[in-house]
Every structure is written in structure tokens, then in C-alpha cells.
Protein chains: 2
Amino acid sequence: MPDPESAPASSRRRADAERNIAALLEAAAAEFVRAGVDVPVRDVATRAGVGVGTIYRHFPTRADLVIAVYRHQIDSLAQRGPELLRTASSPSAALTTWVDEFVDFLVTKHGLAGALRSTDPSFDALHTSFVSRLVPVCGELLAAGRGTGELTDALGAYELMRSVGNLCIGAETDERYDARAAVAVLLAGLRSGDH
Amino acid sequence: MPDPESAPASSRRRADAERNIAALLEAAAAEFVRAGVDVPVRDVATRAGVGVGTIYRHFPTRADLVIAVYRHQIDSLAQRGPELLRTASSPSAALTTWVDEFVDFLVTKHGLAGALRSTDPSFDALHTSFVSRLVPVCGELLAAGRGTGELTDALGAYELMRSVGNLCIGAETDERYDARAAVAVLLAGLRSGDH
DNA sequence: AGACCATACGGAACACGGTTCCGGTTAGCA
DNA sequence: TGCTAACCGGAACCGTGTTCCGTATGGTCT
């Protein structure tokens, strides 16, 4: 994996490659909004004004492209965790706010939640990227909540993240379904000692 | 839609068509467990010993085939609802048992839950079929539970079914994730007045 | 400046699965 | 037995992911 977005490594990369990577990230972001993360590779290539081969060189799998496009948002979400733990009125409130922000992120990206759950092996990278970045943060919030007795240990951090991600699938295309409400109930279940 | 499974209409159908439909249902059921509901159409046709054209004539969309294969199980699940309401110790207990049985059904069918959430328009039929059959039953259980004050109205019947279905996506391929546990927490959230 | 080459580019070509279409076949009936 | 509507099979077509390779070029060294 070429890790095409980190600037430091750019010293070893040709200027035209640098330009193309930037153009691809911009084009991909736009196409993701327009047609979802499942948009045909050719469409992204066309918008960026490059050939399909160029995409595959820099982003061997579609997941690499998705990760690169959203890495900044994932990073800032990861940073929000500890921050909320300090500022919120309780660990449980911090978790609620943090999860809400994650839900907002997912439901505004067409098909992102679904892609996270794709059985297509090429999406494993996407999955593990999100997981490795966010699960530890979620774990801290959960642990804090358990420490104060607010939260049960019915779900681990990984399971909670997966549950929330799953609940967001298809939320943007079904007006009868409110992912936020479902997630709220899930968190209520985590708060009640009842099982 | 030809409704190819109901015996009554068979009087208007040729015997060879009847045989092929039976062979297709059997082949599809076998292929679904072998390779999931996303198995290539050609594979089902090959196992049934028919051409692909024959599949498309009787089952215009993949969803029609999936519905036909699982209709019996959906029907018996729908019947279980009122039954449980009579025999269980409380409406809330009835809902829990019923939902658990639904979860069992979904997680043992490779990819079925995912197919239910596919954005592919050809799966709309699958979705509406499940919904029209099971949502009313779920609604009865929910209403009964609200009547006794056990359950909140944070989620409607449709939303609950969707949430449960979503939580089951990918459960069979990820040993770190327990869909049953997640669903249990969701139901706990429905029981607690807390939101 | 000129030349060299590793790097990068573009898009044709291939793979694969869904879907359509139509010439041939056959069940059911008179 | 012969007729016809219903049905069959699979070739062909299309869209999309993925690979491959001949060509172009940025960077560097002389």
C-alpha cells in the first residue's frame, strides 16, 4: 500500500503523480457525494481526468480510496473522544454525543455504512482502518462509563461500533427509518442494568 | 409477477414448468446455504439443470426467488407472534422471544440480512414482502407491551424490524460480533423508560 | 543542454456476472 | 395426429472491476 496521502513521503514521488493523487481525492470526494461510495471507478477517473490505471496504481482497492478521502474526518472524530470525556457532564453523556457524531458522519455519506459491512474482501482495509482508529476511543468512553456505574458491559467497544455502524445502513434512503432513534435506543439499553 | 409457488394456480401451468419451478426452488435453497443469497444466477440454473432464461421467466428478479424460498419460514414466524402473546409470561417476554427467533432466521441465512438492506431496486420486493408480513405482527407485540407499560414507543414496528435486521448484517462472518447480544441491548433500551 | 531511466500514464483488453432475446421444443388439447 | 400457445436453453450483450503493457515524462547526472 502506497499510502498516497501523507505529504512527507512526497519527496520520493514525481510531481505529476502528486497532482494526480490530489485530483483523484477531490474527484472521489465529489463522486462519493453524487453517486455514493459505490460509484464506478471509471467515473472517478474521468472526473479527475486520468486513466483507470492511474487510480489502481495509487489506490489498489476501492477501500484505499475511501479511507484516504475520509481519513481526516475519522481522525478528528478520534480526537473528539477524550475531549468529550473532559467536557461532558458524564461519561455516558460523552459517549452519547460521540456516537451521535459518528452517526452523523455515516448517514451523510451515501452508502458508507453499507460499504463498511460489505463482505467484499477488498473492503477489509476500510473496515480495519475505521476499527483501529475508533474502537480504542470508544473503549475509553465505555470504560469510563462503566467506572461510574452508568453503563453495562453487555457490549464491547468493537461490538458497539459495529452495532452503530449497522444501524446506519440505508438510513439515507428510507424516510420511514431513523437511524438516530435506533441508536438512541441501543444506548439506552446500554445504560439500563436490565438484560 | 407470476407468483410461481402457489399450488392453486398450477392448473394453468404446464407440467414441465411446474417441475422446473420445483427444481429451481430446491436448487436455490441449496445454493443459498452454500454460497449465500448473492450466489450467481448461473449457478442456481446449473444446479437445477435449466437455462438462465428459465429462471428469469419464473423469477424476474433475484428477490422473487429469495422470497419464494423463504416464504414458508416467514409465514410461520408471522404465526408465532399471536401464539407467543398468549403463552409468554408478558408482552415484553413475547417480543423478546419472537425477535430472537427472527434473528436466528436471519443469521443462519448467509447474507440474507444484507440483501434485505441492499439499495439495489430489484430487492425492493424482498423488502416489502418481509415488511408486509412481519411488521404487523411486530406491531401487535409492541402495542401489547406498551399497554402494560413495559415498552416505550421510542421505535415503531417498522423501525424496530429494520433495526433488528440491520444488526444481523454480517453476523455470520465476524466472530467478534454477536448480533444476538446487540439485539438484546436494543430490546433492553426499549424496556427502559430512559431516553 | 542533452541524455538516460525509473517512475508514472492511459486506455485497450480481459473477466465476470446480470439480463435480454429468440429460434427451437413440447405439453396439452381437439 | 396435428396444431398452437407456453415454455425452454443458452448465446449474446452490457456494465463494471481489474490487469497489462507500450508510451510519455519528471528528475538527475554529465
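Keep in mind that this is a model prediction, so the values were computed, not measured. Letters go in sequence order (proteins before strands), and every chain restarts at 1.
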Quiz item: For B/T61 and B/D64, does a side-chain donor sit closer than 3.5 Å to a side-chain acceptor?
Solution: yes
Quiz item: When the distance from OH of A/Y56 to P of D/dT18 is rounded to whole Å, what number comes out?
Solution: 4 Å
Quiz item: Under 4.0 Å between a side-chain N or O of A/N20 and OP1 or OP2 of C/dA8?
Solution: no
Exercise. Considering non-hydrogen atoms only, spot the tightest contact between B/R180 and B/V107 and give its length.
Key: NH2-CG2, 3.5 Å
Exercise. Give the rounded distance in Å between these two atoms: CG of A/L65 and P of D/dT18.
Key: 12 Å
Quiz item: Among D/dC8, D/dG9, C/dT19, which nucleotide sits nearest the side chain of B/V52?
Solution: C/dT19
Self-check item: 5′-ward residue of the pair B/R19/B/V39 relative to DNA chain C
Solution: B/V39
Quiz item: Can a side chain N or O of B/R14 be found less than 4.0 Å away from OP1 or OP2 on D/dA5?
Solution: no
Quiz item: Can you check the A/I21 CD1 to C/dA8 P distance for me, whole Å?
Solution: 8 Å
Quiz item: Do B/Y70 and B/F105 have their ring centres less than 6.0 Å from each other?
Solution: yes
Quiz item: Once you round it to whole Å, what is the distance between C1' of C/dT25 and CG of B/D16?
Solution: 10 Å
Exercise. Just compare D/dG17, C/dG10, C/dT19 and give me whichever is closest to any side-chain atom of A/R57.
Key: C/dG10
Exercise. Look at atom CD of B/Q73 and say whether more than 12 heavy atoms of other residues, nucleotides or ligands are closer to it than 6.0 Å.
Key: yes
Practice problem: Give a yes/no answer on whether the side chain of A/R13 brings an N or O atom under 4.0 Å of OP1 or OP2 in C/dA8. | Solution: no
Quiz prompt | A/E18 CD - D/dG27 C1' separation (whole Å) | solution = 14 Å
Exercise. Select from B/A15 and B/R62 the residue whose nearest nucleotide in DNA chain C is closer to the 5' end of that strand.
Key: B/R62
Practice problem: Could you state the atom-to-atom distance from CZ of A/R42 to C1' of C/dA12 in whole Å? | Solution: 10 Å
Quiz item: Between D/dG9 and B/T54, is there an OP1 or OP2 to side-chain N/O distance shorter than 4.0 Å?
Solution: yes
Quiz prompt | Residue-phosphate contact under 4.0 Å: A/H58 side-chain N/O, C/dC9 OP1/OP2 | solution = yes
Quiz item: How many Å lie between CD1 on A/I55 and P on D/dG17, as a whole number?
Solution: 10 Å
Self-check item: Spacing between A/D43 atom CG and D/dG15 atom C1', to the nearest angstrom
Solution: 11 Å
Practice problem: State, yes or no, whether a side-chain contact exists between B/M161 and B/F130 at a heavy-atom distance under 4.5 Å. | Solution: no
